[in-house]
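This report concerns only the one structure given below.
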Amino acid sequence: MTATSAKGQGIEYADTASEAYRAALRVIESVEPRIAEATRKELDDQRHSLKLIASENYASPAVLLTMGTWFSDKYAEGTVGHRFYAACQNVDTVEALAAEHARELFGASYAYAQPHSGIDANLVAYWAILATRVETPGLAELGSKHINDLSEADWETLRAKLGNQKLMGMSLDTGGHLTHGFRPNISGKMFHQRQYGTNPETGFIDYDAVAAAVREFKPLILVAGYSAYPRRVNFAKMREIADEVGATFMVDMAHFAGLVAGKVFTGDEDPVPHAHVVTTTTHKSLRGPRGGLVLATEEYAPAVDKGCPMVLGGPLSHVMAAKAVALAEARQPEFRTYAQAVADNAQSLADGFVKRDASLVTGGTDNHLVLLDVTSFGLTGRQAESALLDSGIVTNRNAIPADPNGAWYTSGIRFGTPALTTRGFGADEFDRVAELVVEVLSNTQPAAGPNGPSKAKYTLADGTADRVRSAAAELLEANPLYPGLTL
Ligand code: PLP
C-alpha cells in the first residue's frame, strides 16, 4: 500500500518513482523528444507556481504511474462480468476493485467507476434517472418489455416523454455547474430547466426559497452541488424538498468529494445517505486520476450500470485502475488528516483576505474554496487572473452572483486549497498567500485598450511581479512538490 500524507506526496518511495519516471521519459524521448521535454517542463512549472485552482490537485506517483499501462489498449464495453468484448478478465478485476473501494469509502450501496469525466458521470446519472423514472414505466404502460419491440409510433411517444422532463439545479452565477441545466450545455437542451440561486443579501442558499421554487416548478430531478459556492450544503434538507414533489435527488460532489471521503462533511452534509444518485470527479479534492464516478441507490443502480454503451464509449481501463489506487489511498487514515487540513487552510485563506479588507462572496468559507469579489480592487476577474498569473499565482476567474461583468470577464477569482495542502502548506502559509494576492491586486490598475475602456487590459506596478514571485518561491521551496523525485 502506498502511503500518502498531508505533508507532500510519495515521500517513502521517491527513489523508486524517480527511476520509473526517468526510464519512462527515456522511452518517450526515443520516439518524440518534444513530448518528453514538455512533460519535464510541466513538472517544473507545477513545482514553481502557487496552484490555487480549486478543481486541481497533485495525484500521487502511484496513481499517475498506474495510468501508463497496457490496460489502455483494451476494449471492455459493458460492465463487470457482462462485456461486449472478449478477454476482459483483468479489466473486470480492475473495475470491480475501483467500485468496491468507492462503495467502502463513501458508504454507498452501488458504485460505477467508468465515467471518463465529471460531465460524463452527470450524463450517465441523468439518463439512468430518465430510464428508471420515464422509460421503464413508459414501456410498462405500452405493454412492452424492451424498447426494440416498440412500434415506431410508440417509440416516438416515449422519446417525446424522455425529452420533455424537468430539471432544477443551482444557477451558474451563484456557484452551480454548467451541467446542472445551463443552456449551452447538453443538460440545458435535454431538459426543461429552471435554476435556484442564493440569497442576494447573504450569498447563502436559502432553503425556503429553494423549496418554494421546487414546489412551483415540480422538477423530475433536483440537483445539488457546485463549482464555486464557498459554503456547505444541508443535503438532508434538500432531500426533504425533493421528496415533497417526488423529485429524484441528485448530488454532484465533484468539487468536495475529498471532504466527504475524509469525513469533514458528515451527517446532513454528507450527500451519500441523502441522495438517490451522487456523481463526482476523481481528480479534484479526491486527488485521483482525471475521471468520474457515480454512486447510486439500489433503485437506480441497474440503469447506471448500463452507462456504457448508453452514454459512454469504451471504458478507460487504465484510468479505472488509477481510480482504484487513488480510492485505496483515500481510505487510509492520512487522507482524513489531509481533508481536514484542506478545510482548515481554506478558513485561514479566507481570514487572511478578510483581515486585509478584501471582499468575499458570503463573507468567508466553510469548505475548500474561497470566492474573492475583485470589484473592490476596481478590477474584472480577467484582469485579476492575469495579474496574479504574471506574479506566479495560478487561479481562475469566476462569476460572482449577479455578476455585472458576465461569465467571460467575471468579477471574481476562485481560490482552492486542495493542491497546496497536498504540498504541505498549512494555515500560516495560506495567510501569506492571501497577503501576496492582496499585494498583487492592490498594485494592479485597469487599463484602456486601443478602443477605450477594456475589461481585459491592466497594468501591474513595476517590481510587484518579481517581488511576489520570489516570496512565492520561498513558500514553494519549503513545501516541495513530490519531494525527492528527480528526473
Ligand atoms: N461537476 C462539477 C460540479 C464540476 O465542478 C465539474 C468540473 O469543473 C464537472 C462536473 C465536470 O468535470 P469534468 O471536467 O471532469 O468533466
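Counting starts at 1 for both ligands and their atoms, in listed order.
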Heavy-atom side-chain proximity of R382 to N405 below 4.5 angstrom: no
Below 30° counts as parallel, above 60° as perpendicular, anything between as tilted: where do the rings of F415 and F353 land? tilted
Atom 16 (O) of ligand 1 has as its nearest protein heavy atom I119 N, 2.9 Å
Which residue and non-hydrogen atom of the protein lie closest to atom 8 (O) of ligand 1, and at what distance in Å? K284 NZ, 2.9 Å
Residue and atom name of the nearest protein heavy atom (relative to atom 5 (O) of ligand 1), distance in Å to one decimal: S227 OG, 2.7 Å
List the closest protein heavy-atom neighbour of atom 14 (O) of ligand 1: residue, atom name, distance to the nearest 0.1 Å. H283 NE2, 4.6 Å
Residue of the set N185, N122, T279 for which side-chain hydrogen bond (donor to acceptor under 3.5 Å, both in side chains) holds with T179: N122
Between E329 and R287, is there a salt bridge with N-O shorter than 4.0 Å? no
heavy-atom search around atom 4 (C) of ligand 1 in the protein gives H177 CD2, 3.3 Å
Can you say whether the rings of F235 and F249 are parallel (under 30°), tilted (30 to 60°) or perpendicular (over 60°)? tilted
Under a 4.0 angstrom heavy-atom cut-off, which atoms of ligand 1 come close to H255? 5 (O)
For ligand 1, which atoms sit closer than 4.0 Å to a heavy atom of Y226? 3 (C)
Could you list the atoms of ligand 1 found under 4.0 angstrom from a heavy atom of A254? 1 (N), 2 (C), 3 (C), 4 (C)
Does the distance from a Lys or Arg side-chain N to an Asp or Glu carboxylate O, for E429 and R423, drop under 4.0 Å? no
Residue, atom and distance of the protein heavy atom nearest atom 3 (C) of ligand 1 read D252 OD2, 3.3 Å
For the side-chain contact (heavy atoms from CB on, under 4.5 Å) test, which of T417, T337, N57, V264 pairs with V342? T417
Is at least one protein non-hydrogen atom found at under 4.0 angstrom from atom 1 (N) of ligand 1? yes
Show the atoms of ligand 1 that are less than 4.0 angstrom away from any heavy atom in T281. 12 (O), 15 (O)
How far is atom 15 (O) of ligand 1 from its nearest protein heavy atom, and which residue and atom name does that atom have? G118 N, 2.8 Å
Mind running ring pair (Phe, Tyr, Trp, His ring centres under 6.0 Å) on F256 and Y226 for me, showing each step along the way? CA-CA 9 Å; F256 54 87; Y226 52 78; 4.9 Å; yes
Record the part of S117 in heavy-atom contact with ligand 1 below 4.0 Å; permitted values are side chain, backbone, both and neither. both
Quick one: do R83 and D92 make a salt bridge, cutoff under 4.0 Å? yes
